[in-house]
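All chains are named by letter (A, B, ...) in the order of the sequence lines, taking the proteins before the strands, and each is independently numbered beginning at 1.
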Protein chains: 2
Amino acid sequence: MSHQLSPEEVSPAGVDFLPGLALDFVIFGFHQNQLKILLLEYRNTGLFALPGGFIRQNENLNDAARRVLAERTSLTDIFLEQFYTFGDLARYDVAPMRAIMEAKGITPTDNHWLLRRFVSVGYYALIDFTKAVPIPDSLSDTCTWYELTALPTLIQDHRLIVQKALETLRADLDQKLTGFNQWAAPLLSDIFTMADLQRLYETILGQPLHRSSFQRKMLSLGILERLDKKYGGGAHKAPYLYRFKTDTNPGPIE
Amino acid sequence: MSHQLSPEEVSPAGVDFLPGLALDFVIFGFHQNQLKILLLEYRNTGLFALPGGFIRQNENLNDAARRVLAERTSLTDIFLEQFYTFGDLARYDVAPMRAIMEAKGITPTDNHWLLRRFVSVGYYALIDFTKAVPIPDSLSDTCTWYELTALPTLIQDHRLIVQKALETLRADLDQKLTGFNQWAAPLLSDIFTMADLQRLYETILGQPLHRSSFQRKMLSLGILERLDKKYGGGAHKAPYLYRFKTDTNPGPIE
DNA sequence: TCAAAAGTGTTACTATTACACCCATGA
DNA sequence: TCATGGGTGTAATAGTAACACTTTTGA
């Protein structure tokens with residue numbers, strides 16, 4: 001994980017947080033027909049990591065996830081799903097974390113709480129690329145978007161976490177997500193064409209879909225509202241514009 | 001969770017385990033056309049709980065799950081899946097745990113590690129009802145089977161955990177499990193009729209299935225091997241007996 | 001020989017795929 | 001008017017559901 005820490009919280013105690021337990025986030029955005037995720041880059045180290053955080057002593061696990069996500073993206077009401085908990089011993093290598101802290105001017109003791117073993121609960125989120133304002137945490141330089149197909153090397157087991165998040169997202173696409181009519185809303189603009197929606201599906205699934213079948217299937221789900229057609233694009237028939245029906249969805253997190 | 005503890009491990013330290021993190025198990029068995037799960041009953045308290053355990057400092061999370069499961073059931077090589085991590089503050093009520101310890105003759109201090117907040121990683125397992133030898137842990141009297149449709153009141157949020165485990169099992173049935181040809185093997189005897197298999201499916205899903213469609217679908221999966229028909233049952237045509245093909249399955253846990 | 005339960009065949013229905021065709025648009 | 005891309009129609013296919021019919025068995 002990485003960190004949302006005020007200076008005093010980097011103290012050896014870390015007392016306000018549950019020990020040994022962290023959160024890691026795979027935050028998906030969609031821009032220019034590419035799936036992207038947010039990564040932190042640590043100052044003077046060339047190390048990249050997933051955004052992460054810790055759980056306060058008096059805070060529900062899922063509430064902590066929402067809080068940290070809001071801190072990293074400045075967004076609330078985000079589609080957020082817990083997908084797996086990672087607890088291998090090998091996942092936690094102290095060397096990168098020590099390098100990160102030393103580059104930050106902190107010389108941790110050998111038993112500093114940040115250098116101990118962590119078990120990490122993985123969440124994936126779907127957010128609006130255009131609305132998010134990524135904010136680095138106190139140990140990192142930048143919090144920026146990277147294309148899923150061109151990720152830098154990540155610390156610890158973060159690549160595995162990304163992999164598993166993507167698998168879960170793909171599996172959810174065909175089942176769970178059809179229950180939440182608006183799951184895709186943050187990944188697209190408010191109003192979009194059927195081609196936009198299809199490109200999103202194709203990018204997530206990593207495979208092409210048949211145009212007319214896709215259109216019929218989406219319309220048959222009854223989750224789209226067709227608006228006046230316009231879209232002043234190129235020299236061709238102007239497509240309809242759609243938006244998601246505002247409906248009685250259950251909340252995303254369980 | 002409940003506990004796999006030698007007497008010295010109930011000491012205030014609990015040092016050998018990761019603090020604040022537990023495992024809870026929903027262990028499914030199938031007997032007399034009923035889905036059952038293993039529950040622990042605590043001595044002199046009338047309290048029931050899911051089997052559980054803790055993670056050693058030098059142990060992988062999933063390895064800890066296999067170890068604890070083996071301790072409770074005397075079985076290894078079990079189909080085991082992690083399905084959710086439960087971290088609400090409200091889930092942990094100290095009163096029942098204190099009652100359990102006091103009934104056992106232990107008077108814990110207020111900050112005893114077992115009375116603090118726990119986050120719990122949920123696993124579900126499928127095991128052979130006839131081969132398991134349920135073993136209570138050091139704080140409980142009995143470890144026995146209860147029908148899923150007639151569970152006693154459980155401590156903490158254990159009913160929610162059972163609910164979520166069942167939902168996951170049902171969802172997995174239609175997708176993930178078809179990849180593991182032998183997932184159902186522990187729930188049935190080595191050799192079974194198609195009707196046996198259908199009753200298992202119907203019991204898990206909680207709904208009747210069409211006989212001939214079910215048969216065709218199962219056979220089309222190519223995971224069953226038909227043996228000589230016998231089954232000296234009643235006054236009717238003797239059904240074929242089947243077994244699962246021994247094949248090149250991937251291991252269950254990821 | 002009859003009732004019960006199992007295996008198989010047939011038809012209907014549904015969903016998906018693949019392809020064709022037409023429509024609207026702006027250069 | 002023509003190339004481009006979008007909407008809709010249709011046939012082929014696959015999978016499932018529903019039902020009928022046949023087979024086997026022990027009483």
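One atom, CZ of F214(A), and another, P of dG5(D), lie 18 Å apart when rounded to the nearest Å. dA6(C) atom P lies 16 Å from atom CG of L227(B), rounded to whole Å. Counting to the nearest Å, the P atom of dG7(D) and the CG atom of L224(A) are 12 Å from each other. Atom NZ of K237(A) and atom C1' of dA24(C) are 6 Å apart (whole Å). Whole-Å rounding puts the Q198(A) CD to dT17(C) P distance at 12 Å. If you measure from atom CE of M218(B) to atom P of dA6(C), you get 16 Å, rounded to the nearest angstrom. Distance, M194(A) CE to dA24(C) P: 18 Å, rounded to whole Å.
Two rings, from F28(A) and F30(A), have their centers 6.0 Å or more apart. Aromatic rings from Y123(A) and F83(A) are positioned such that their centres are separated by 6.0 Å or more.
Between L69(A) and I27(A), the closest side-chain pair of non-hydrogen atoms falls below 4.5 Å. When side chains are defined from C-beta on, E41(A) does not count as touching L47(A), because their heavy atoms never get closer than 4.5 Å.
Heavy atoms only, all atoms of each residue included: L224(A) and M218(A) are closest at CD1-CB, 4.1 Å.
For the residue pair Y242(A)/D196(A), the side-chain donor-acceptor check at 3.5 Å is not satisfied.
Nearest nucleotide to the side chain of H236(B), out of dT4(D), dG7(C), dA4(C): dA4(C).
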Protein-proximity profile, nucleotides 8-16 of chain D, B/S/- by nucleotide at the 4.0 Å heavy-atom cutoff, equals BBB-----S

